[in-house]
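See below for the structure under consideration.
For reference, positions follow the sequence shown, starting with 1.
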Amino acid sequence: MALSSDNGFVAFLRHAKHNPSAVLLAVQLGGILVYPFLGDSAGGRAVFGVLSVVVLTLAALAVRMTPALSWVAALLGVPVLAFTLLEGLRPDDGGIVLTSSVLHAVFYFYTAYALIKYMFDDNVVTTDELYATGATFTVVAWGFAYVYAAVQVIWPGSFTAAVDPEGTRTWVELLFLSVTTLTSTGLSDIVPVQEHARSFVMIEQIAGMLYIALVIARIMALISARAARRARD
């Protein structure tokens, strides 16, 4: 029985090694579910900071699997990790929050670029590339959430909500806004009210539509190419 368990764990590690995009997607979705339990306490922020470090590490591993330059990920990742820890220690420092948010946004958008390049690099769809389709979507959503975090530091009062409309929006609220914007569901209980905030929300709406169009075009092209090969055979 122990041997069977060991073999199962080894198989899991092997699957994770060959499918880093799947692990990245799972951790990000898990983070969405876990964060509400952490709250805004110091302990909660510390736990979420650790989770963020894990996500960033997984993102870096996923980037290494792509044709993108891995040293760029390392160059971005080191200051991101440093400011993740600083933000956990000093969450009320506007300068640290702004710098951390900008660095996180750049890192996540770079990761999204690398994953897209990974998916479009050849004419064969692997299992990890399928996972990368979902992981890229969540990476972009997290990236824009950090953009919104930076926006509300630079322009206070950029966002309002049905609950505590004058308050500063929490991270989970900004992530919720990002996901609903990217998916075009637009639940509208968190709303950008200043011009700069609305501009970034519009950019995310366009990005969401373009990404879906790219994925559909990619799938249709591969299906057409496969059908053409079968016809020749």
Side-chain angles (χ1 to χ4, degrees), residues 15-38 47-66 68 73 76-77 80-81 84 100-121 125-151 169-187 190 200-219:
H15 180 78
K17 179 180 179 180
H18 292 289
N19 297 281
S21 299
V23 181
L24 174 59
L25 175 61
V27 170
Q28 288 186 274
L29 294 177
I32 293 175
L33 296 175
V34 167
Y35 186 79
F37 294 98
L38 303 179
V47 172
F48 189 68
V50 172
L51 178 61
S52 297
V53 172
V54 172
V55 171
L56 291 171
T57 302
L58 292 171
L61 290 175
V63 169
R64 287 186 61 192
M65 294 285 288
T66 73
L76 291 172
V80 166
L81 291 172
T84 296
S100 177
S101 298
V102 171
L103 288 173
H104 276 82
V106 172
F107 185 83
Y108 275 102
F109 288 143
Y110 172 78
T111 303
Y113 154 77
L115 288 170
I116 290 173
K117 190 173 181 180
Y118 171 45
M119 291 187 289
F120 281 74
D121 191 54
V125 180
T126 65
T127 300
D128 190 57
E129 287 179 0
L130 293 176
Y131 286 123
T133 302
T136 303
F137 198 86
T138 57
V139 164
V140 171
W142 282 52
F144 272 103
Y146 281 113
V147 169
Y148 299 152
V151 165
R169 306 274 63 90
T170 65
W171 160 252
V172 73
E173 286 180 311
L174 296 175
L175 183 59
F176 179 78
L177 172 63
S178 180
V179 171
T180 56
T181 300
L182 196 62
T183 57
S184 298
T185 53
L187 299 181
I190 301 172
F200 283 108
V201 168
M202 286 188 284
I203 293 297
E204 185 175 14
Q205 290 172 330
I206 294 171
M209 293 181 62
L210 289 177
Y211 177 72
I212 293 174
L214 282 171
V215 171
I216 292 176
R218 167 72 168 168
I219 293 174

Exercise. What are the two closest heavy atoms between L182 and G208, and how far apart are they?
Worked result: CD1-CA, 3.5 Å
Exercise. Are the side chain of S178 and the backbone of L174 linked by a donor-acceptor contact shorter than 3.5 Å?
Worked result: no
For this session: Return the minimal non-hydrogen interatomic distance between S21 and D128, and the atom names on each side.
Result: N-OD1, 3.0 Å
For this session: Might you work through the side chain to side chain contact (heavy atoms under 4.5 Å, CB included) test for Y110 and L76, ending with a clear yes or no?
Result: CA-CA 9 Å; Y110 172 78; L76 291 172; 4.0 Å; yes
For this session: Indicate yes or no: at least one non-hydrogen side-chain atom of F109 is less than 4.5 angstrom from one of V147.
Result: yes
Exercise. Should the pair F137 and Y211 be assigned to parallel (<30°), tilted (30 to 60°) or perpendicular (>60°) ring geometry?
Worked result: tilted
For this session: In sequence, state the C-alpha distance, the side-chain angles, and the governing distance for Y148 and R169, and then conclude on side chain to side chain contact (heavy atoms under 4.5 Å, CB included).
Result: CA-CA 9 Å; Y148 299 152; R169 306 274 63 90; over 6 Å; no
Exercise. For the atom pair CG (L25) and CG (N19), what is the distance rounded to the nearest 0.5 Å?
Worked result: 11.5 Å
Exercise. Can you name the nearest heavy-atom pair linking V102 to A150, along with the distance?
Worked result: CG2-CB, 4.1 Å
For this session: Flag yes if more than 12 heavy atoms outside F200 fall under 6.0 Å of its CZ atom; otherwise flag no.
Result: no
Exercise. Would Y118 and T136 satisfy side chain to side chain contact (heavy atoms under 4.5 Å, CB included), going step by step from the backbone distance to the final call?
Worked result: CA-CA 11 Å; Y118 171 45; T136 303; over 6 Å; no
Seminar exercise, completed: So salt bridge (charged side-chain N to carboxylate O under 4.0 Å, His left out) across residues 141-150, not counting sequence neighbours, yields none
For this session: Determine, stepwise, if the pair L24 / V139 fulfils side chain to side chain contact (heavy atoms under 4.5 Å, CB included).
Result: CA-CA 9 Å; L24 174 59; V139 164; 4.0 Å; yes
Problem set entry | Non-neighbouring partners of T138 that pass side-chain hydrogen bond (donor to acceptor under 3.5 Å, both in side chains), sequence neighbours left out | Q28
For this session: Determine the minimum heavy-atom distance between E129 and M119, stating which atoms define it.
Result: O-SD, 3.7 Å
For this session: Give me the ring orientation class for W171 and W142: parallel if the planes are under 30° apart, tilted from 30 to 60°, perpendicular past 60°.
Result: perpendicular
For this session: Kindly give the heavy-atom pair with the smallest separation between F144 and A207, and that separation in Å.
Result: CE1-CB, 4.3 Å
